[in-house]
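So that the names make sense, note that chain A is the first sequence line, chain B the second, and so on, each numbered from 1.
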There are 2 protein chains.
Amino acid sequence: MSRSNPRVLSTLERAGGFASAQEVYKLMQREGEKIGLTTVYRSLQSLLSDRIVDVLRRDDGEAIYRLCGSTHHHHLVCKGCGDTVEIEGGAIEKWARTMAEEFGYRDVGHTAEIFGLCPKC
Amino acid sequence: MSRSNPRVLSTLERAGGFASAQEVYKLMQREGEKIGLTTVYRSLQSLLSDRIVDVLRRDDGEAIYRLCGSTHHHHLVCKGCGDTVEIEGGAIEKWARTMAEEFGYRDVGHTAEIFGLCPKC
DNA sequence: CGCAAAATTGATAATGATTATCATTATCAG
DNA sequence: CTGATAATGATAATCATTATCAATTTTGCG
Ligand SMILES: [Mn+2]
Ligand SMILES: [Mn+2]
Ligand SMILES: [Zn+2]
Ligand SMILES: [Zn+2]
């Protein structure tokens with residue numbers, strides 16, 4: 001299919017935190033990199049399916065990406081400022097396995113996210 | 001500035017779980033209700049700011065709404081046929097509260113979903 | 001009741017992110 | 001080198017959401 005363009009990953013690293021496809025694209029343009037918006041979208045999708053990056057949604061619905069730690073984890077996201085904490089999800093993992101087994105589901109995965117207002121907000 | 005059209009809330013109630021603005025609109029059309037898409041969007045926004053409904057995002061970014069008070073539950077979804085089971089989330093609720101408290105987050109909500117292959121698939 | 005101000009409505013257009021096309025270009029195996 | 005295959009990116013299409021704005025309904029008061 002298609003591989004991720006390494007310059008996209010490098011740019012996302014340099015960005016530090018979360019960045020949208022549009023933002024990564026503009027960043028690369030500003031730094032004189034010659035790349036197409038399509039390639040940025042494709043690369044981020046590829047990084048996502050390879051679990052190299054995480055994706056979240058801004059309040060306006062725009063998808064934002066960030067480098068992901070290697071271990072499986074979940075997020076505690078601030079509704080106010082978007083600040084994010086990576087948290088451990090042992091209880092969730094067990095819950096997902098238990099529920100799946102109870103209803104005979106196989107090949108099971110899950111999503112879980114907590115959102116609220118951080119201490120600063 | 002503008003109030004929620006009560007028929008929108010009534011339709012969201014009847015829908016049972018989550019529904020997007022587009023879905024609420026189509027539902028009302030199918031049932032012969034005369035209403036504009038704009039009013040549906042406006043009403044859901046109003047219900048949101050009045051804390052009558054919660055909003056979440058689908059994977060594709062579409063905003064979905066649900067009644068705040070309705071019985072809270074989670075879903076076990078089949079990746080093959082789309083069949084869905086509503087499941088208890090007690091373990092999740094506790095996990096969410098614990099994590100939020102640990103990091104000082106207030107006004108906390110969460111999302112959680114399990115997906116896999118159902119016995120038939 | 002009249003009637004004008006204010007609120008609601010909804011058709012329509014505009015916005016903006018994301019995705020689909022598809023021809024061009026780069027890369028690779030033999 | 002050469003044909004095949006993969007990557008690229010300009011462009012157009014999609015689609016949810018939001019902005020406009022004129023028409024309609026409701027409200028409040030003499
Ligand atoms: Mn997990
Ligand atoms: Mn829950
Ligand atoms: Zn915050
Ligand atoms: Zn199934």
Subject >> With Ser4(A) via side chain to side chain contact (heavy atoms under 4.5 Å, CB included) - residues at least two apart >> reply: Ser43(A), Ser46(A), Leu47(A)
Subject >> Nucleotide nearest Glu62(A) when distance is taken to its side chain, options dG9(D), dA17(C), dA16(D) >> reply: dA17(C)
**OP:** Give the other cluster members for Ile64(A), using side-chain heavy-atom distances under 4.5 Å between Ile, Leu, Val, Met, Phe, Trp and Tyr residues; answer none if it is isolated.
**Re:** Phe18(A), Leu56(A), Val77(A)
**OP:** With a 4.0 Å heavy-atom cut-off, tell me which residues in residues 41-60 of chain B come close to DNA chain C, sorted by residue number.
**Re:** Arg42(B)
Subject >> Nearest-neighbour nucleotide for the Asn5(A) side chain, dT18(C), dT8(D), dA10(D) considered >> reply: dT8(D)
Original post:
Can you tell me if Glu102(A) uses its side chain to pair, donor with acceptor, with the backbone of Met99(A) under 3.5 Å?
Top reply: no
Subject >> Residues within residues 13-36 of chain A bordering DNA chain C, heavy-atom distance below 4.0 Å >> reply: Gln22(A)
Original post:
Between Glu86(B) and His73(B), does any side-chain donor sit less than 3.5 Å from a side-chain acceptor?
Top reply: yes
Original post:
With sequence neighbours excluded, what pairs up with Arg97(B) under the side chain to side chain contact (heavy atoms under 4.5 Å, CB included) test?
Top reply: Glu93(B), Lys94(B)
Original post:
Do the side chain of Thr39(A) and the base of dA7(D) come within less than 3.5 angstrom through a donor-acceptor pair of N or O atoms?
Top reply: no
Original post:
Contact class for Thr38(A) (heavy atom, under 4.0 Å): base, sugar-phosphate, or nothing?
Top reply: base
Original post:
Does Asp60(B) reach the main-chain N or O of Glu62(B) with its side chain, forming a donor-acceptor pair under 3.5 Å?
Top reply: yes
Subject >> Set of side chain to side chain contact (heavy atoms under 4.5 Å, CB included) partners for Leu37(A), sequence neighbours left out >> reply: Gln22(A), Tyr25(A), Tyr41(A)
Original post:
When you look at CD of Glu88(B), are more than 12 heavy atoms from neighbouring residues, nucleotides or ligands closer to it than 6.0 Å?
Top reply: no
